Each structure stands twice: as structure tokens, then as C-alpha cells.
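This report concerns only the one structure given below.
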2 protein chains.
Amino acid sequence: MGFSNSQESHLADLPTALTIADSIRHHNLPGAFTEPVAYAKEQSILSEGELATDIHIVVSGAVRLFKMMPDGRRQIIGFAFPGDMLGLSLDDRYLHSAEAISPVILRHMGRRQLAALLERDHGLRKALLAWTMTELQIAQDQMLLLGRKDATERLSSFLLTLLQRRNHSTEDRHLPLAMTRTDIADYLGLTMETVSRTISLLKGRRLIRPLADHSIELLNVPGLQDLAAGNAITVQLDP
Amino acid sequence: MGFSNSQESHLADLPTALTIADSIRHHNLPGAFTEPVAYAKEQSILSEGELATDIHIVVSGAVRLFKMMPDGRRQIIGFAFPGDMLGLSLDDRYLHSAEAISPVILRHMGRRQLAALLERDHGLRKALLAWTMTELQIAQDQMLLLGRKDATERLSSFLLTLLQRRNHSTEDRHLPLAMTRTDIADYLGLTMETVSRTISLLKGRRLIRPLADHSIELLNVPGLQDLAAGNAITVQLDP
DNA sequence: CGCAGGGTTGACTGTTTTCAATTTATGTGG
DNA sequence: CCACATAAATTGAAAACAGTCAACCCTGCG
């Protein structure tokens with residue numbers, strides 16, 4: 001769920017580099033999760049306000065997490081990819097909705113069962129705290145983006161955080177975009193049209209190259225980093 | 001740090017109703033915090049990127065937590081009031097800066113000491129997880145506000161969350177505002193001028209009454225709730 | 001082959017920003 | 001305690017960036 005630029009570290013040696021899924025696997029918890037469950041593209045996984053019965057782990061595919069306003073405005077809170085968790089809340093109701101944006105496979109676990117596991121497993125508690133703090137950090141970076149960045153800065157930041165999340169090999173500048181322009185717009189607090197125009201703008205400046213298969217090649221990562229940070233002056237326009 | 005509309009509950013009976021300060025007091029941890037330290041209005045408490053040596057608890061006063069961009073744009077991430085914690089991060093560096101917006105008294109504790117306490121104290125771990133998840137929830141509500149609400153909706157939401165945070169007696173509609181218009185603007189992703197204009201607008205609609213002493217009386221809470229939720233249609237303009 | 005959904009581009013509108021002037025608070029020193 | 005200086009807040013007018021409405025294009029799939 002979500003992603004961020006920030007590097008990770010530790011408070012009391014928390015295993016922050018691992019996903020929650022890794023952690024649960026690593027701690028070898030028997031039968032904790034159900035068998036894999038498949039969801040079709042666009043299918044709803046959980047809804048804000050519903051009783052929070054389960055938490056889910058993404059096995060494959062991509063999920064959008066979002067909040068809606070009564071009149072249909074939507075804010076995407078984050079995207080969840082394989083290894084990410086969704087459905088956790090302190091409350092007994094879900095805090096946001098989740099839908100599959102591609103065919104998705106999930107495993108889930110009852111809330112009470114997770115609570116029981118947490119009581120027993122110290123390492124899992126640490127992993128859960130680390131996960132939550134990482135999500136908080138990501139959310140706060142997103143607050144800066146939504147409150148203070150313009151469209152170009154938002155899109156550059158988005159592409160770079162996606163890159164960081166997806167490609168651990170630093171040389172691969174090739175980004176498959178699982179989500180539509182509308183999803184990107186609802187994540188960045190823009191409209192579909194503005195996202196499309198901004199992509200065209202970055203393409204015109206030779207910073208990115210949109211490919212036919214819903215993926216984008218990042219041609220100038222330092223340039224994008226300048227834009228994302230708000231140093232627009234240093235990026236030269238070319239004819 | 002921050003505040004939200006959402007009611008609180010429990011995952012595995014976490015003591016979420018308590019602040020971290022309450023929790024630490026409740027668990028009767030001897031000598032954990034230093035003696036109170038005073039900060040003058042506008043004084044810096046900690047800075048983003050600095051080595052995160054300590055966490056702090058607000059004893060009195062109010063603090064703003066924020067991120068800056070290179071060109072001076074500022075996003076306020078949240079406000080901290082008595083009982084709130086600041087300076088916690090997974091990373092070994094602070095994730096945002098903090099400044100006193102009034103004369104402030106804090107107590108602090110070394111990072112390593114907190115880590116040691118956490119190793120020993122199960123209840124404290126639960127409290128810390130609960131605190132972090134509550135902050136995450138608040139941040140996600142703020143993402144919806146920053147990404148999708150207009151100026152009137154932002155200000156109404158802000159006033160209502162402040163009310164909820166400050167007045168546990170539900171009948172007192174009187175809000176002391178510790179922060180300036182500029183602070184409010186930087187929290188809501190607006191400019192000072194727009195905040196001022198929007199306050200005038202709500203005043204003209206008899207929804208609020210700004211008083212001389214930097215406080216605001218909420219004259220029509222249901223009306224503000226409609227606005228905050230985005231049901232602008234139901235709020236009638238009056239001459 | 002043609003339809004439907006997603007995407008791009010254009011022209012125009014509108015909300016918020018920017019720049020600027022004025023009024024109202026706040027705080028300090030005489 | 002008043003007077004001045006300075007900061008905060010309000011209000012106005014103009015500009016800008018993103019939004020809206022609309023037409024068109026592309027692509028994948030039945």
C-alpha cells in the first residue's frame with residue numbers, strides 16, 4: 001500500500017526491509033493465511049465502513065485503496081502490490097475501500113487470528129509496527145505532494161517512487177503502469193486530463209517515453225528528480 | 001500530532017484512547033523522561049534530516065510539524081498539543097521539522113532508551129502501535145482533504161477536527177486557535193489569503209463567529225459537517 | 001470489422017493564487 | 001499607560017494553473 005522515496009532504517013533493530021508477508025513467512029506461522037483467493041479486475045475487495053473481518057496479503061496483481069466522498073469524488077490513498085498488506089485497522093471497520101485493478105490473488109486472515117498471533121510473536125509485532133510507521137511516512141510525503149506540488153512535480157514524484165518500488169535493479173528504467181490515467185489522477189489529486197497533458201509535457205521534454213503497452217521508460221532520472229523536488233529552474237526546456 | 005474525525009477502537013484490545021504520554025505515565029516508567037524543557041514561541045525543536053536522537057512529549061503549548069521544499073514551500077503535517085508525541089521515526093533521522101507556535105514545555109527521552117523500554121514493556125508497544133495507526137488514519141483523511149476538497153470544505157473539516165480534539169465536552173463550541181492563518185493555510189494546502197477569505201465566507205453564512213482573541217465560535221455545527229463532507233448543496237445561502 | 005473504453009488534445013471556464021493596498025492586532029520602549 | 005512599530009489579517013483586482021466540456025484518436029477484443 002503506497003510507496004515512498006525514503007530509505008529505511010531501524011528503531012530497536014526493527015526488520016523494516018521485509019514486507020509483512022515476508023515477515024509472516026519468515027516467522028513460519030503455520031496455517032495463518034487462507035489458500036489463495038482470486039479477484040477479477042475491477043472487483044471490490046473491501047469497502048470503507050464495512051466490518052473489518054480480515055486482513056489480506058497481495059500474492060499477485062495490483063490493488064487500489066481509496067476513499068470516496070458522497071458526490072463521487074475519489075482519493076486513492078495508495079496502491080498495493082505483491083507482498084503488501086491491506087485491510088488493517090485499529091477500528092472494527094475498514095478505513096478505506098479496496099478494488100483489484102488487475103486480476104489479483106490474495107490470501108487473507110481473520111482479525112482475531114492476527115490479534116492472537118501478535119500476542120504470541122514478538123517479531124511479528126515489530127514488523128507490524130515497522131510497516132505502520134513506513135506507511136505513515138509515505139502518507140506524510142504524499143501530504144506534501146498533494147498540498148504543495150504542481151502537476152509536473154506530482155507526476156515526476158509518482159514515477160520515481162513507482163520506479164523505486166518496482167525495480168530494485170537500479171539500472172532498469174522501465175516502468176510497467178498497472179493503473180489507468182484516472183487512477184493516477186485520483187492518487188495525485190488531479191484530473192485524468194491533467195495527468196495526460198503532463199505526461200505529454202514530460203515526453204516533449206525527453207524526460208520519459210510512454211510505450212505502447214501501458215509502460216513508461218524514464219529517459220532522464222536526474223531531471224525527473226529535480227522536477228520532483230521542486231527545482232524546476234534547473235530543468236531546461238528544449239525545442 | 002494531527003487530529004481526525006474518526007472514532008477509536010481496538011485490535012487485540014489496544015489502549016487507543018490513551019495518549020502515548022498517558023500510556024507512559026500509566027505504565028509508571030521511572031525516570032524515562034527528562035525534566036520539562038521550555039521552548040520560546042517560534043523556536044525550532046527539531047529539523048527534518050537531523051539525527052533523530054530523542055522523542056518528545058508535549059506538556060503544554062502547541063507545536064507545528066512540517067516539511068519544507070527547497071524553494072520555501074511548506075506543508076504542515078500536523079499540530080501537536082499537550083499529551084502528543086513528536087520526533088518518532090523508524091529512520092535514524094527525523095522525517096519532518098517541528099517548531100513551537102506558542103511557548104511550549106516538552107519532556108524528552110533518548111531514542112535508545114525508548115527502544116529499551118519497548119523491549120521490556122508489552123503495554124507500551126501496544127500503545128505505540130495504536131498511536132502510529134491512529135496517525136496513519138489521520139494522515140489518510142488529510143490526503144482526501146488535500147487531494148479532493150475545495151477551500152470551504154477544507155476549512156470546515158479543519159475546524160470540526162480541531163473542535164473534536166480540543167473540547168471533549170460536546171456542548172462547548174468555542175475554539176481557541178493556537179495557530180496563525182499562515183499555519184492553517186500550510187496545513188490545508190491553501191494560501192493565507194484564501195483561508196482568510198473562506199473564514200469571512202463562513203462568517204457571512206453565520207456558520208462561525210471569529211472572536212477578537214484568536215478564537216472562533218462554531219454557530220452551526222451540522223452545517224459545517226455538511227460542508228466538510230462535501231454536501232454543499234444542503235447548506236443554504238442566507239441574505 | 002466495428003465497437004467500447006481508455007487516452008489525447010483543444011477551447012474555455014473557474015477557483016485559487018499572486019500582487020498589492022489597507023485595516024486590525026500585538027508588543028515594546030519611553 | 002500610551003505611542004509607535006511591526007506583524008497578522010482582511011480585502012480587492014488581475015493572473016495562472018488546473019478543471020470542465022467536448023471532439024477525436026487509438027487499441028484491443030468480440
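Everything numeric in this text was worked out from a predicted model, so none of it was measured. Numbered from 1 within each chain, the chains take letters A, B, ... in sequence-line order.
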Checklist entry - Any side-chain N or O of A/Thr194 less than 4.0 Å from the OP1 or OP2 oxygen of D/dA18? => result no
Checklist entry - Could you state the CZ-P distance from B/Arg73 to C/dT18, rounded to the nearest angstrom? => result 9 Å
Next on the checklist: Any carboxylate oxygen within less than 4.0 angstrom of a Lys/Arg side-chain nitrogen, looking at A/Arg93 and A/Asp91?
Outcome noted: no
Checklist entry - What is the distance, rounded to the nearest whole Å, between atom CG of A/Leu211 and atom P of C/dG7? => result 14 Å
Checklist entry - Under 4.0 Å between a side-chain N or O of B/Thr191 and OP1 or OP2 of C/dT16? => result no
Checklist entry - Thinking salt bridges, do B/Asp141 and B/Lys149 make one under a 4.0 Å N-O criterion? => result no
Checklist entry - Does A/His214 place a side-chain N or O at less than 4.0 Å from the phosphate oxygens OP1/OP2 of C/dG7? => result yes
Next on the checklist: Tell me the interatomic distance from A/Ile216, atom CD1, to C/dG7, atom C1', rounded to whole angstroms.
Outcome noted: 12 Å
Next on the checklist: Check the orientation of B/His108 and B/His56. Use parallel for under 30°, tilted for 30 to 60°, and perpendicular for over 60°.
Outcome noted: tilted
Item to check | Given DNA chain D, 5'-ward residue of the pair A/Asp150 and B/Val195, judged by closest heavy atom | outcome: B/Val195
Next on the checklist: If you assign A/Met192 and A/Ala151 each to the DNA chain D nucleotide with the nearest heavy atom, which residue ends up on the more 5' nucleotide?
Outcome noted: A/Ala151
Checklist outcome for this item: To the nearest angstrom, the CG-P distance between B/Leu190 and C/dT17 comes to 5 Å
Next on the checklist: Mind checking if A/Ile199 touches a base, just sugar-phosphate, or nothing, with heavy atoms under 4.0 Å?
Outcome noted: nothing
Checklist entry - Within this structure, what is the CD-to-P distance between B/Glu193 and D/dA15, rounded to whole angstrom? => result 17 Å
Checklist entry - If you look at every heavy atom in A/Asn220 and A/Gly223, which pair is closest and at what distance? => result OD1-N, 2.8 Å
Next on the checklist: What is the distance, to the nearest angstrom, from the CZ atom on B/Arg148 to the P atom on D/dA18?
Outcome noted: 13 Å
Checklist entry - Does B/Arg197 get its side chain close enough to the base of D/dG12, under 3.5 Å, for a donor-acceptor pair? => result yes
Checklist entry - Is it true that B/Glu42 and B/Arg64 have a side-chain N and a carboxylate O under 4.0 angstrom from each other? => result yes
Next on the checklist: Does a side-chain N or O of B/Thr180 approach OP1 or OP2 of D/dA7 to a distance below 4.0 Å, or not?
Outcome noted: no
Next on the checklist: Check the phosphate of C/dT8 against A/Arg181, side-chain N and O only, distance under 4.0 Å to OP1 or OP2. Yes or no?
Outcome noted: yes
Next on the checklist: I need the CZ-P distance between A/Arg154 and D/dC17, as an integer number of Å.
Outcome noted: 13 Å
Item to check | Rounded interatomic separation in angstrom, taking CG from B/Leu202 and C1' from D/dT10 | outcome: 15 Å
